There are 2 protein chains.
Amino acid sequence: MQKAPDAEGSGLTQMVGPAERLWSSGKQTTLSASVIDQIRTVLFAGRLAPGDRLGSEASLALQFGVSRMTMRDALRSLQASGVIEVKVGIKGGIFVAEGNSERLAETIAIQLKLIGISTEELLDTQIAIEVMAAGLAASNATGADIKALHDALAEAERLVDDAEEFTWAAINFHGCVVAASHNRVLAAQFRALSHVLMPLYVRGSSPDVARRAVAFQRALIACIEAREPDAARNLVYGRLQFVKSRQLGDLAKGEAGD
Amino acid sequence: MQKAPDAEGSGLTQMVGPAERLWSSGKQTTLSASVIDQIRTVLFAGRLAPGDRLGSEASLALQFGVSRMTMRDALRSLQASGVIEVKVGIKGGIFVAEGNSERLAETIAIQLKLIGISTEELLDTQIAIEVMAAGLAASNATGADIKALHDALAEAERLVDDAEEFTWAAINFHGCVVAASHNRVLAAQFRALSHVLMPLYVRGSSPDVARRAVAFQRALIACIEAREPDAARNLVYGRLQFVKSRQLGDLAKGEAGD
DNA sequence: TCGATCCCTTTGATAAGATATTTAGGACAA
DNA sequence: TTGTCCTAAATATCTTATCAAAGGGATCGA
């Protein structure tokens with residue numbers, strides 16, 4: 001870092017003291033890892049807001065006293081973790097990223113796949129998310145939310161005889177419930193889990209199943225419109241526990257070769 | 001591994017057909033983004049398992065027909081998203097990553113900070129996770145889990161007069177409950193949320209609060225030992241709703257300047 | 001005023017080479 | 001035979017240098 005005679009004392013590098021250190025492991029082996037660590041620390045010390053410009057690749061490389069390629073390595077990592085955004089062109093450079101819940105959902109989904117989470121673990125988490133969301137929806141849903149729920153229900157009813165299409169409509173309905181909770185964390189987690197669970201649901205569908213699902217949806221809308229969080233929670237919990245046992249039962253049956 | 005100059009016909013690149021396409025947006029603007037997309041697609045098509053070796057930087061660059069630096073860019077991104085692991089040395093190279101729930105927790109925490117999630121959203125998600133975890137713990141807890149819970153309780157009781165230390169012990173207790181659920185998704189999400197919520201909890205602590213918390217912990221252990229999932233769920237739900245209202249109340253009071 | 005063109009900044013990509021790190025395998029001693 | 005140390009090879013890491021592409025802004029002409 002000594003190689004930056006005019007870069008010292010200004011910019012990012014000086015702010016790196018022993019701050020919060022949520023993710024900094026302390027001993028960094030590689031140079032780029034150290035740069036990543038420093039930038040993250042600065043960002044989460046709260047001095048920089050989303051949209052702020054950090055500078056250009058080249059100027060940052062100077063400030064940190066590393067070559068442009070090393071800086072690039074670090075920036076690509078930060079970009080992939082969603083910490084920064086990179087823009088080309090004369091007004092381009094490195095910017096603090098706007099939060100992106102779509103990316104959050106994507107990252108969760110990737111990791112879930114890699115970790116090799118069991119179906120039961122996924123379903124249980126789905127239950128946790130949706131039960132809470134249903135309760136919150138009953139408290140927080142706006143008129144627009146309720147209209148969206150009715151629309152989703154109508155669409156699902158229309159498709160009750162087309163197994164695959166119905167599954168998508170049903171998931172959309174559940175998504176509307178989660179959206180009505182007005183909780184972005186729950187929403188992101190729901191999206192991630194849906195990605196992973198989709199194949200399962202599509203497989204287990206049938207017109208008979210679909211009709212039961214529609215009845216459930218109607219009842220849930222009633223709870224939400226009546227502003228009864230506890231009733232909504234219980235309804236969703238009971239319903240999803242049933243869905244879970246059916247899915248796991250099917251799974252066992254399938255594995256038994258029947 | 002042949003010197004495929006334009007990378008056609010061998011290795012990874014040929015497997016890239018229009019598969020599942022969960023995350024591939026189709027038109028890629030940059031070369032490295034295209035490489036990232038191709039590798040991700042191949043990985044999630046299921047042909048490769050965690051721990052598999054993809055090759056060295058150089059050989060992959062040859063296979064994809066790009067320069068080593070472009071390949072590096074792509075690899076750094078994939079590494080940051082936890083898709084691959086990179087090892088140095090004679091037996092090193094690029095490997096499919098083992099799932100890493102610690103990384104999952106870290107990524108979730110980063111994104112939560114960036115998105116600027118509200119305290120209420122975080123607390124509600126925490127409630128969702130812990131209620132489900134408590135119910136599962138009552139069903140699944142092993143002898144070792146229950147011993148860990150007792151140990152955590154004893155430690156918390158010991159620290160009841162030291163606000164800061166007690167907060168850590170209490171969070172540890174909650175962590176033990178989540179661990180006893182034997183659900184890794186819930187566990188990762190709990191860790192991520194804990195990172196972000198920690199400062200809040202530390203602030204709102206006092207010996208009086210601590211004694212109520214210990215009483216709750218004792219009751220929860222009883223439910224788990226008695227294998228009563230519903231009782232455990234209700235207990236945790238009631239308790240965390242109380243904690244939430246206290247936190248949000250404190251917040252409002254603080255903001256009002258008193 | 002409007003539109004096209006040029007120019008400058010910044011990232012994207014390539015190339016060649018030096019350095020650090022890890023591990024396999026051999027050499028040597030007990 | 002066994003354990004330890006050393007070397008060599010494979011590999012990522014890092015550096016320097018160069019050119020191409022993209023994107024705004026300014027200039028010039030109609």
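This structure is a prediction, so every number in the text was calculated from the model and none was measured. Proteins come first, then strands; the chains are lettered A, B, ... in the order of their sequence lines, and each starts at number 1.
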*Asks:* Expressed in angstrom and rounded to an integer, what is the separation of Ile84(B) atom CD1 from dA12(D) atom P?
*Replies:* 10 Å
*Asks:* Atom NZ of Lys91(A) and atom C1' of dA26(D): how far apart are they, to the nearest Å?
*Replies:* 13 Å
*Asks:* So which heavy atom on Leu60(B) is nearest to which on Met71(B), and how close?
*Replies:* CB-CE, 3.7 Å
*Asks:* Assign Glu57(A) to base, sugar-phosphate, or nothing according to its heavy-atom contacts below 4.0 angstrom with the strands shown.
*Replies:* sugar-phosphate
*Asks:* Counting side-chain heavy atoms from C-beta on, which of dG12(C), dT13(D), dG24(D) comes nearest to Ile90(A)?
*Replies:* dG24(D)
*Asks:* If you take all heavy atoms of Ser32(B) and Asp73(B), which pair is closest and at what distance?
*Replies:* CB-CB, 4.1 Å
*Asks:* Find the distance Met69(A):CE to dT10(C):P and express it as a whole number of Å.
*Replies:* 18 Å
*Asks:* What's the verdict on side chain to side chain donor-acceptor pair (under 3.5 Å) for Gln38(A) and Thr41(A), showing C-alpha distance, side-chain angles and the deciding distance?
*Replies:* CA-CA 5 Å; Gln38(A) 291 180 51; Thr41(A) 306; over 6 Å; no
*Asks:* For dG12(C), take OP1 and OP2 only and decide whether either is under 4.0 Å from a side-chain N or O of Thr70(B).
*Replies:* no
*Asks:* Please tell me which of Val88(A) and Ser67(A) maps to the more 5' nucleotide of DNA chain D, matching each residue to the nucleotide holding its nearest heavy atom.
*Replies:* Ser67(A)
*Asks:* Using whole Å, what does the distance between atom P of nucleotide dT11(C) and atom CD of Gln79(A) come to?
*Replies:* 11 Å
*Asks:* Ignoring the backbone of Arg76(B), work out which of dT10(C), dA15(C), dT13(D) is nearest its side chain.
*Replies:* dT13(D)
*Asks:* From dT11(C), dT13(D), dT14(C), pick the nucleotide closest to the side chain of Thr30(A)?
*Replies:* dT13(D)
*Asks:* Could you please name the option among dT15(D), dT22(C), dT10(C) that lies closest to any side-chain atom of Arg53(A)?
*Replies:* dT10(C)
*Asks:* Check step by step if side chain to side chain donor-acceptor pair (under 3.5 Å) holds for Thr167(A) and Glu164(A).
*Replies:* CA-CA 5 Å; Thr167(A) 302; Glu164(A) 171 130 359; over 6 Å; no
*Asks:* Would a distance-only check, ignoring hydrogens and angles, find a side-chain to backbone donor-acceptor pair under 3.5 Å from Ser194(B) to Phe190(B)?
*Replies:* yes
*Asks:* Nearest whole angstrom, please: distance from the P of dT13(D) to the CG of Asp73(B).
*Replies:* 13 Å
*Asks:* Calculate the interatomic distance between Phe95(B) atom CZ and dT11(D) atom C1'; express it in whole Å.
*Replies:* 10 Å
*Asks:* From dT15(D), dA12(D), dG12(C), pick the nucleotide closest to the side chain of Arg72(A)?
*Replies:* dG12(C)
*Asks:* Distance check needed: dT14(C) C1' versus Leu31(B) CG, whole Å only.
*Replies:* 11 Å
*Asks:* To the side chain of Ser56(B), which of dC14(D), dA10(D), dT11(D) is closest?
*Replies:* dT11(D)
*Asks:* Within the modelled atom types, does a donor on one side and an acceptor on the other bring the side chain of Arg68(A) and the base of dG12(C) under 3.5 Å apart?
*Replies:* yes
*Asks:* Given atom CD of Glu85(B) and atom P of dA12(D), what is their separation to the nearest angstrom?
*Replies:* 14 Å
